[in-house]
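In each ligand, atom 1 is the first atom listed, and ligand 1 is the first ligand listed. Side chains included, hydrogens not; waters and symmetry mates left out as well; all remaining heavy atoms used.
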Amino acid sequence: MSNDRLIIFDTTLRDGEQSPGASMTRDEKVRIAKVLERMRVDVIEAGFPIASPDDFEGVSAVARAVTDSVVCGLARALERDIDRAGEAIKPAKAGRIHTFIATSPIHMAHKLRMEPDQVVEQAVKAVHHARRYTDDVEFSAEDAGRSEVDFLCRIIEAAIEAGARTINIPDTVGYNLPGQFGTLIEALLNRIPNADKAVFSVHCHNDLGLAVANSLSAVQAGARQVECTINGLGERAGNAALEEIVMTVRTRRDMFACDTGIDTTQIVPASRLVSTITGFPVQPNKAIVGANAFAHESGIHQDGVLKSRETYEIMRAEDVGWSANRIVLGKHSGRNALRTRLKELGIEFASEEELNDAFTRFKVLADKKHEIFDEDLQALVSETVASETGQHVLVSMRVCSETGEVPLAKVTLSVYGEERSAEAAGSGPVDATFRAIESIVDSKAQLQLYSVNNITSGTDAQGEVTVRMERSGRIVNGQGADTDIVIASAKAYLNALDKLASVVQRAHPQLGDV
Ligand code: KIV
Ligand code: ZN
């Protein structure tokens with residue numbers, strides 16, 4: 001790869017999925033991976049295969065589905081992890097193994113309980129072992145941001161010598177500052193004798209809100225791969241946001257000696273899909289993908305933009321995939337129009353039954369709403385896919401809410417195929433609905449967060465409700481959409497219950513053992 005190309009390594013499906021509540025099913029991973037492929041992401045890190053059979057299957061399914069991006073599996077510097085990752089990426093046209101070990105004094109002493117010499121030895125063994133599966137091996141020095149430079153030089157030189165073609169420098173705990181991180185990358189590139197045999201990569205966390213700034217500083221210092229996630233999803237405060245990295249490099253070409261191969265028009269669809277699947281809403285003022293990112297509210301700004309776009313706009317909304325609330329379909333649109341528009345949005349159904357189900361839902365929505373936007377279609381598809389696996393399905397509900405009266409809800413659910421009903425009172429219609437559901441299912445879960453957003457503008461818009469629920473330390477996010485926000489709330493609650501029922505025990509790559 002030439003030196004003026006910045007490789008985009010997306011880890012939404014791995015580090016992004018490590019966010020509490022963001023876990024995805026195999027099929028959801030494949031849907032996101034297909035959008036990333038269409039976006040021309042160079043490398044897709046699809047998961048940590050040894051974590052659980054589901055994680056293995058997820059990576060393997062992405063490896064089968066994707067042909068134009070490299071598919072990567074994560075492995076600690078352990079033979080059993082690497083064997084699992086090697087197996088999982090086998091179906092890929094181009095597969096990578098990403099192996100890592102911690103290199104900071106604090107991690108070596110307290111997490112690994114190993115001497116630095118042992119860490120180097122294990123890293124070298126791991127890279128050699130990974131090379132038995134693929135030539136494309138990446139080595140990460142976990143917590144490099146708090147490691148000693150001399151030790152980093154030593155272990156990285158050894159990893160390259162052992163056959164690593166990409167060297168990743170993570171700021172695992174988001175501790176670095178941009179100038180400092182750039183200087184670190186420059187020092188490594190200058191001091192490691194075989195540095196020219198590998199691509200240097202960075203992987204920054206956002207604990208101090210500096211993940212993107214640190215990554216970009218590293219790129220200016222010579223890094224040529226950035227690890228990032230859609231919407232900045234990721235462990236704790238998240239990872240560097242792909243959309244911000246890509247658009248900064250593209251918009252400020254004068255400041256970078258490289259560019260990405262990304263098709264930026266796929267950014268907004270990818271952002272929406274990730275948000276819908278994970279239940280992590282995008283804040284309105286989020287750069288590039290937030291609803292307000294291109295909205296000019298103040299009269300002065302609007303006047304400026306109307307006279308000359310460049311006065312206040314440094315990017316064009318359409319270049320990142322905003323379609324300006326286009327009405328795409330209506331009540332009279334047929335099945336083919338639906339299929340065609342969904343295809344344009346990158347959504348294809350696995351079976352004709354799924355399309356039929358989506359079409360039925362579309363007709364119901366179009367009767368209520370008349371004008372259907374892309375955003376409505378995306379929510380509708382998520383619901384169609386969710387209903388495939390639904391153990392808790394809303395059959396009907398009735399809510400009474402009147403001034404001066406206690407709100408009441410009557411809910412009928414199908415729970416694992418059995419129809420059950422209950423009534424409850426609550427402090428408001430949503431509270432009454434959740435209480436009625438609980439008196440049927442008795443989930444023993446705690447509601448941690450409840451939020452409503454409108455999917456498009458106008459009072460006839462669908463409301464999208466997100467609920468976050470916790471049970472025995474496991475956290476899930478449920479989402480539901482409807483023109484009636486109380487019904488949307490019930491759907492979101494039931495979606496979360498389905499997810500709680502299907503959460504499996506899995507290992508975390510950076511904590512605990514497998
Ligand atoms: O943050 C980190 O250090 C990681 C590694 C596994 C690359 O995610
Ligand atoms: Zn990370």
Row check, Phe280 ring normal vs Arg468 NZ/CZ: under 6.0 Å, within 45°: yes
Report yes or no: is the cationic atom of Arg76 (NZ for Lys, CZ for Arg) under 6.0 Å from the centre of the six-membered ring of Phe100, at an angle within 45° of the ring normal? no
Which residue supplies the protein heavy atom nearest to atom 3 (O) of ligand 1, what is that atom called, and how far is it? Thr172 OG1, 2.6 Å
Report yes or no: does Arg14 have a heavy atom closer than 4.0 Å to ligand 1? yes
Out of curiosity, is His98 lining ligand 1, as in a heavy atom under 4.0 Å away? yes
Counting both backbone and side chain atoms, is some N or O of Asp15 under 3.5 Å from an N or O of ligand 1? yes
Is Arg64 atom CZ crowded by more than 12 heavy atoms from other residues, nucleotides or ligands, each under 6.0 Å away? yes
What's the atom name of the N, O or S in Asp15 nearest to the Zn ion (ligand 2)? OD2
State whether the number of non-hydrogen atoms from other residues, nucleotides or ligands found under 6.0 Å of Glu161 atom CD is greater than 12. no
Against ligand 1, does Ser140 come closer than 4.0 Å with any heavy atom? yes
What I want to know is whether Asn168 and ligand 1 share at least one N or O pair that is separated by under 3.5 angstrom. no
Proximal heteroatom of His203 relative to the Zn ion (ligand 2) (N/O/S): NE2
Could you see which bit of Gln510 sits under 4.0 Å from ligand 1, with heavy atoms only: side chain, backbone, both or neither? side chain
Are Ile106 and Arg146 packed together at the side-chain level, in the sense that at least one heavy-atom pair is separated by less than 4.5 angstrom? yes
So His129 and Tyr133, would you call those rings parallel, tilted or perpendicular, with 30° and 60° as cut-offs? perpendicular
What do we get for Glu227 next to ligand 1 when only non-hydrogen atoms under 4.0 Å count, side chain, backbone, both or neither? neither
